[in-house]
There are 2 protein chains.
Amino acid sequence: MELSDRKKRILRAVVEHYVETAEPVGSKTISSDPEINSSSATIRNEMAELESLGLLEQPHTSAGRIPTSMGYRIYVNELMKQHRLSVEETVRINNALKSKVQQLDNLLSVAGKLTAQLTSYPAYALTAASADTVITRYDFIFVDQSTFIIVIMLGNNIVKNKLVHLPFSIEREQLMKLSAVFNASFTGIPEESITTELIAATERSVGDKDGLVSIAAGFAIETLMSHRTRETFVSGTSKLFEHPEYRDIGRAQKLLSYLSDAETILQLPAPEKESGMKITIGAENLADELSDSSVVVARYDAGDDMQGLIGVVGPTRMDYPKVAARLSYIAKGLSWLFSGGSSPPELGDGDSGEKTHKILQGDE
Amino acid sequence: MELSDRKKRILRAVVEHYVETAEPVGSKTISSDPEINSSSATIRNEMAELESLGLLEQPHTSAGRIPTSMGYRIYVNELMKQHRLSVEETVRINNALKSKVQQLDNLLSVAGKLTAQLTSYPAYALTAASADTVITRYDFIFVDQSTFIIVIMLGNNIVKNKLVHLPFSIEREQLMKLSAVFNASFTGIPEESITTELIAATERSVGDKDGLVSIAAGFAIETLMSHRTRETFVSGTSKLFEHPEYRDIGRAQKLLSYLSDAETILQLPAPEKESGMKITIGAENLADELSDSSVVVARYDAGDDMQGLIGVVGPTRMDYPKVAARLSYIAKGLSWLFSGGSSPPELGDGDSGEKTHKILQGDE
DNA sequence: TTTAGCACTCAAACACCCTGAGTGCTAAAC
DNA sequence: GTTTAGCACTCAGGGTGTTTGAGTGCTAAA
């Protein structure tokens, strides 16, 4: 089913007016749109047809029309025009991200806050995770008789450490032995392979009676495990109130509680392979709590074939072109930073690369 | 000005009824309270006097009375009875905290969530910070020709690391030299002392042309700085909606935006020295955004003479005895964990140590 | 096929009344 | 002097009725 050109223009006009005003839009409003040259009566007929196609609906008989989820879907897939970021915006994003490259955790939290600010919707971010990360290197630093530091380096160049206090004293040599054996037998293996048998065998071969091997192995397991689970960041939840659809306490609460649970954040939509971005509208969301909200999410590259997510949640009445453009640009920025690139993507270039996302095909 | 015994009983009854029902309480309700044996007319006279003393107020003429901030203050200081935690609760707290001892960040975030859950108010937590933390030890780990790891240990036994990639190659010996000179000249000093002069001088003395000294010194400065600022955690913000005073979107939004800014969290009240806990009621709060809310906050000990905070924010109509008791117990638990104690405080003992807090003097 | 015109619908805003909880005051009782 | 019963009064909240106006669908003419 292909819509007539006029119907398309009307649908687009309805979506865009509604996004802007949050009020149902009537035939008169549309007829005064410069892109449309028909009387209100004609528009009414067209709108009635769009309604029977399931793309528009009326909150009540004597009100204007608002888009349905399906209406938004058509708009997003076929009708919306690309939004171009202003130079100031790209500069602002670049600066905000660059200033915080230091630490991964920090960076994502900053990116989330930035996203929330720029879109005025609550944002969420997930760290990249890959099940097959392994430890590539162990170091044991002798601090004093009863204290040492374990330093673990992972395949994706992340380094973790742990300070260990012992209730007994140790010798430098013990740590050196430990280091030799761990680097030989505990590198390049997944967490499941660090079995109690392996630990026991190692203890015997090193002659460790103090449990040093268990301590180190325990830390290795912990590190691998924590690295396998994604971390979640949610920011800008109070932005929700800026949008009239969340004037209703019940709706706001439902969404906010949903977002406050790290477990559920992990269930949020993610782009399919190949496409960098995904837009999920209203009832398209699996989660009940999101059935009257939309999610826009972009994927970023965190090197080593791992990918993270950054997205926003808001009402279905969302300025999809703007949100998509900003999110896309931020995701690109993150990918750059994680790839170790120093200069951000296409600095100052107004076109911010939405083209790469199939979902964003403008029709003109 | 000392209140008569009867007035005290009436004030307490009003506060407790109001806390429970969230409805203004009238003379009839009070007169049926078993602790009070007077007719409603007498109560009315007494309540009129309590009102002229500024302890009660009427939302409108034909309504019952509700406590003013000052009324709550008197209640908190003189009238409220100690709340005793149930054994289940203490067990639950102990378990939740114990299971997460691993990492400091994690622990506080868990403690915050737990607090929010137990009190049903949004909770905030601050890490301990001390301005005079210094670095006690540097280690440089050679990974390969162009890669090494810096490991820094701080006075409070926290260890940080950073992986450095270089665009040129280095030798093991360079790192050893670096290690010697950093451990000699860059330990035990505050961040301000790491001046560009010191760095330049060190570079000359080591013969470092590649900027390795700057890299390491930069990381040292960054670590000291980040450790000087407290980290903030806020959780359970959506709990706010469970309380009728935040049915009003405006109020909820005001408080939630306030809590979403890390800067302002740092400004929240803190207990005076000597007392472990502080209750700030309504207009007693400096911040405008909190003028119709209350804050209950407890201090925990993080060892090394450093202290952190954990607290909740909610309506002035708050069950202060319960909240105070729970918070106090959680703070004690945190202190224990940070002091390296393995067994939690007074496990299963119903009395949860509020006595130590001056602010919680029951009157019976 | 488009458009002007008209009768119709219905949410939102407003005015109005009623109800009942709670008050303050007075005068009698203790 | 203190307490209490009784009574007139107040006022928010809930319900009902009315008006208004934006927007519709349908019809008939262009």
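Every chain is numbered from 1 and lettered A, B, ... according to where its sequence line falls, protein lines coming before strand lines.
- Side-chain contact, A:Ser293 with A:Tyr246: a donor N or O sits under 3.5 Å from an acceptor N or O.
- Side chain to side chain, B:Arg326 and B:Thr119 fail the donor-acceptor criterion of an N or O pair below 3.5 Å.
- When heavy atoms are screened at a 4.0 angstrom cut-off, B:Ser40 is found touching no nucleic acid atom at all.
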Which nucleotides of DNA chain D pair, in dot-bracket form (Watson-Crick or G-U under 3.5 Å, | meaning another strand): ||||||||||||||||||||||||||||||
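- Rounded to whole Å, atom P of C:dT1 lies 11 Å from atom NZ of A:Lys7.
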Could I get a table of every N or O pair under 3.5 Å where one atom is in the protein and the other is in nucleotides 13-19 of chain D?
none

Which atom pairs link the protein and nucleotides 19-25 of chain C when you take only N or O atoms and keep those under 3.5 Å?
| residue | atom | partner | partner atom | Å |
| --- | --- | --- | --- | --- |
| C:dG22 | O4' | B:Ser62 | O | 3.4 |
| C:dG22 | O3' | B:Ala63 | O | 3.4 |
| C:dT23 | OP1 | B:Arg65 | NH1 | 3.4 |
| C:dT23 | OP2 | B:Ser27 | N | 3.2 |
| C:dT23 | OP2 | B:Ser27 | OG | 2.7 |
| C:dG24 | OP1 | B:Arg65 | NH2 | 2.8 |
| C:dG24 | N7 | B:Arg44 | NE | 3.1 |
| C:dG24 | O6 | B:Arg44 | NH2 | 3.3 |

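- Identified under the salt bridge (Lys or Arg N to Asp or Glu O under 4.0 Å) test for residues 280-289 of chain A, with sequence neighbours left out: A:Arg73-A:Glu284.
- Applying the salt bridge (Lys or Arg N to Asp or Glu O under 4.0 Å) definition to pairs two or more places apart or across chains, none involves residues 14-30 of chain A.
- Judged purely by distance below 3.5 Å, without hydrogens or angles, the side chains of A:Tyr258 and B:Ser238 never pair a donor atom with an acceptor atom.
- Although no hydrogens or angles enter the test, the distance criterion places no donor-acceptor pair under 3.5 Å between the side chain of A:Ser275 and the main chain of A:Pro271.
- A donor atom on one side chain and an acceptor atom on the other are not found under 3.5 Å apart for A:Arg247 and B:Gln253.
- Between B:Ile66 atom CD1 and D:dA12 atom C1' there is a gap of 14 Å when expressed in whole angstrom units.
- Side-chain contact of A:Ser294 with A:Tyr320: a donor-acceptor pair under 3.5 Å is present, judged by distance alone.
- Within the structure, every pair that satisfies the salt bridge (Lys or Arg N to Asp or Glu O under 4.0 Å) test and touches residues 52-67 of chain A, not counting sequence neighbours, is listed here: A:Glu51-A:Arg65.
- Side-chain contact annotation: A:Ser39 with A:Thr42, donor-acceptor N/O pair under 3.5 Å present.
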